[in-house]
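Right, one structure below, let's go through it.
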Amino acid sequence: MMRYALLNILLVIASLTSFAQESVIFAPEGLALKGYDPVAIFKESKTVKGSDSLSYTWMKASWHFSSRENLEAFMNDPEKYAPQYGGYCAYGV
């Protein structure tokens, strides 16, 4: 009896994972942070719109940057600058 209960619990858990978000990064239409430079948020303490010509694809999302220096900083350590929880709402996660 206990074995069947455990099996049912495992089946429920396995089925719930199939409903999980496909993308690890919240990026509507493939664009992370709506095109804002994630590095500038840390270095300049403000939001700065990135450029299409300074973009980098990471975690199946396109990230835009306002300078070559910021692009290279992100390429060297993207997890340092990417939003926590992939940009999804922490409460919703």
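From a predicted model like this one, the values you see are computed outputs, not experimental measurements.
Applying the side-chain hydrogen bond (donor to acceptor under 3.5 Å, both in side chains) criterion to Asp52, with sequence neighbours excluded, gives His64. Take Thr57 and apply the side-chain hydrogen bond (donor to acceptor under 3.5 Å, both in side chains) test, not counting sequence neighbours, and it matches no residue. The side chain to side chain contact (heavy atoms under 4.5 Å, CB included) search around Ala61 returns Ile25, Ala27, Ala32, Trp63, not counting sequence neighbours. Under the rule for a ring-ring contact (aromatic ring centres under 6.0 Å, His included), Tyr36 has no partner lying at least two apart in sequence or in another chain.
For the salt bridge (Lys or Arg N to Asp or Glu O under 4.0 Å) condition, no pair includes a residue of residues 73-88, sequence neighbours left out. Within the structure, every pair that satisfies the salt bridge (Lys or Arg N to Asp or Glu O under 4.0 Å) test and touches residues 38-49, not counting sequence neighbours, is listed here: Lys43-Glu69.
Rounding to the nearest 0.5 Å gives a distance of 13.0 Å between CH2 of Trp58 and CE of Met75. To the nearest 0.5 angstrom, Ser62 atom OG is 11.0 Å from Leu33 atom CG. Considering CG of Asn70 and CG of Asp37, their distance stands at 4.5 Å, rounded to 0.5 Å. Taken to the nearest 0.5 Å, the CE atom of Met59 stands 15.5 Å off from the CZ atom of Phe26. Put simply, CZ on Phe65 and OG on Ser55 are 8.5 Å apart, with the number rounded to the nearest 0.5 Å.
Residues Tyr81 and Phe42 place their aromatic rings such that the two centres sit under 6.0 Å apart.
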